[in-house]
Amino acid sequence: MKIEKPIPNSILISESQIRNRIQELGNQITQDYENQELVLICVLRGATIFFADLVREISLPLRFEFLQTSSYNDSTEPSKNIEFIREGSNYVKQKHVLIVEDIIDTGQTLEFLIKHLQSLEPKTIKICTLLDKPSRRQFSVSVDYIGFEIPNVFVVGYGLDYSQKYRNLPYIAVIESTDENTS
Ligand code: IMP
Ligand code: MG
């Protein structure tokens, strides 16, 4: 029988840990943006589940926007090329913008997003990420709200994927890398 590998096989962050941390983040964001016009930007697709849970913990009359990027490696360059698939940031000008991400790894995607959003003249830009892998950073970006710092492991679940799979797991699990070819 063909078994699909790798398999997410150890839970790094449980459902209740995620729920509690998102409540804390929501309370903090509610306090920080009191009486401000806030636009929350969900970075598709990985941040969708985090975004949906986070917005329900923020007691402010905020607005949603959705962006999606795609990245590919050009063999001649060490870094990735990033481009927009969906660029829906019409309501950013003179607003307070909070980018909601699933995970910050090298920081390259975020650097690209911040540059783009800055050109649209928001009042402020801040970053909220569920997960942060600081040991992998290559682009210096300052992150304002962090759910959890994690070590240099590949994780899936709660919106994060491996080859588009496992986004629907309700917790964060580590994918064990394996060289085995299962047949
Ligand atoms: P960066 O541009 O290197 O910061 O990459 C960020 C993107 O890489 C994230 O938005 C994810 O799509 C992907 N990514 C990085 N690490 C992981 C991981 O451990 N699991 C799933 N996706 C990841
Ligand atoms: Mg992503």
Side-chain angles (χ1 to χ4, degrees), residues 4-15 17-18 21-22 25 29 39-55 64-89 92 97-119 125-179:
E4 214 158 58
K5 285 222 171 179
I7 302 168
N9 50 8
S10 68
I11 296 181
L12 186 67
I13 308 170
S14 71
E15 284 183 74
Q17 284 175 296
I18 296 172
R21 186 70 188 117
I22 290 179
L25 290 172
I29 291 167
V39 181
L40 247 69
I41 298 193
C42 175
V43 184
L44 299 171
R45 284 175 257 193
T48 48
I49 295 179
F50 175 44
F51 187 85
D53 284 346
L54 180 67
V55 293
F64 297 175
E65 293 290 330
F66 295 87
L67 295 182
Q68 188 169 13
T69 60
S70 122
S71 63
Y72 56 95
N73 280 309
D74 176 334
S75 54
T76 59
E77 292 210 13
S79 61
K80 295 177 288 185
N81 291 295
I82 302 180
E83 61 188 20
F84 278 109
I85 295 176
R86 181 192 165 95
E87 193 274 288
S89 41
V92 165
V97 170
L98 183 58
I99 302 175
V100 180
E101 258 288 22
D102 52 356
I103 187 164
I104 302 172
D105 188 32
T106 65
Q108 193 184 1
T109 308
L110 202 55
E111 195 200 54
F112 171 84
L113 286 176
I114 291 170
K115 254 191 203 142
H116 166 74
L117 289 168
Q118 253 156 5
S119 73
I125 301 180
K126 284 191 180 182
I127 316 300
C128 177
T129 188
L130 177 66
L131 304 175
D132 186 17
K133 276 188 205 174
S135 62
R136 294 259 307 162
R137 200 74 90 250
Q138 288 172 31
F139 295 79
S140 104
V141 284
S142 81
V143 188
D144 304 278
Y145 305 95
I146 297 171
F148 302 91
E149 272 193 11
I150 62 167
N152 183 17
V153 289
F154 199 86
V155 291
V156 293
Y158 203 75
L160 290 108
D161 72 304
Y162 172 83
S163 287
Q164 299 304 327
K165 288 198 224 83
Y166 309 120
R167 291 191 196 274
N168 56 319
L169 294 175
Y171 45 78
I172 301 288
V174 176
I175 286 255
E176 298 291 337
S177 61
T178 169
D179 296 331

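For ligands, and for the atoms within them, numbers begin at 1 and follow the listed sequence.
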Taking all non-hydrogen atoms of both residues, which atom of R21 and which atom of I146 are closest, and how far apart? NH2-O, 2.8 Å
For R136, is the nearest heavy atom under 4.0 Å from an atom of ligand 1? no
Kindly give the heavy-atom pair with the smallest separation between L67 and E87, and that separation in Å. CD2-CA, 3.8 Å
Check S71 against I82 and note the closest heavy-atom contact, atom names and distance. CB-CG1, 4.0 Å
With a 4.0 Å cut-off on heavy atoms, does V43 reach ligand 1? no
For the residue pair F84 and F112, categorise the inter-ring angle as parallel (less than 30°), tilted (30 to 60°) or perpendicular (more than 60°). tilted
With heavy atoms under 4.0 Å as the rule, classify the contact between T106 and ligand 1 as side chain, backbone, both or neither. both
Strictly under 4.0 Å, does any heavy atom of L110 approach an atom of ligand 1? no
Quick one: sort the Y158 and F50 rings into parallel, tilted or perpendicular, breaks at 30° and 60°. tilted
Does ligand 1 have an atom that lies less than 4.0 angstrom from a heavy atom of G107? yes
Just by distance, do the side chain of K126 and the backbone of V143 share a donor-acceptor pair under 3.5 Å? no
Using a 4.0 Å cut-off to any heavy atom of D102, which atoms of ligand 1 qualify? 9 (C), 10 (O)
If you measure from the Lys or Arg side-chain nitrogens to the Asp or Glu carboxylate oxygens, is any gap between R137 and D132 under 4.0 Å? yes
Please confirm whether E111 comes under 4.0 Å of ligand 1, counting heavy atoms of the residue only. no
Just which atoms of ligand 1 are under 4.0 Å from any heavy atom in E101? 10 (O)
Heavy atoms only: which of T109, L12, I172 is nearest to atom 2 (O) of ligand 1? T109
For V155 and ligand 1, does the shortest N/O to N/O distance drop below 3.5 Å? yes
Partners of S10 by side-chain contact (heavy atoms from CB on, under 4.5 Å), sequence neighbours excluded? V174, E176
So do V141 and I114 actually touch side chain to side chain, heavy atoms under 4.5 Å? yes
Test of understanding: with salt bridge (charged side-chain N to carboxylate O under 4.0 Å, His left out), list the residues that count as partners of D144, not counting sequence neighbours. none
Which of the ligand 1 atoms, numbered from 1, are nearer than 4.0 Å to a heavy atom of K133: 16 (N), 17 (C), 18 (C), 19 (O)
For L160, the ligand 1 atoms with a heavy-atom partner under 4.0 Å come out as 20 (N), 21 (C), 22 (N)
Given that the side chain starts at C-beta and the backbone is N, CA, C, O, which of these parts of D161 lies under 4.0 Å from ligand 1, counting heavy atoms, or is it both or neither? backbone
Which option out of V153, T69, V141, I103 puts a heavy atom nearest to atom 13 (C) of ligand 1? I103
For ligand 1, which part of V156 has a heavy atom less than 4.0 Å away: the side chain, the backbone, both, or neither? neither
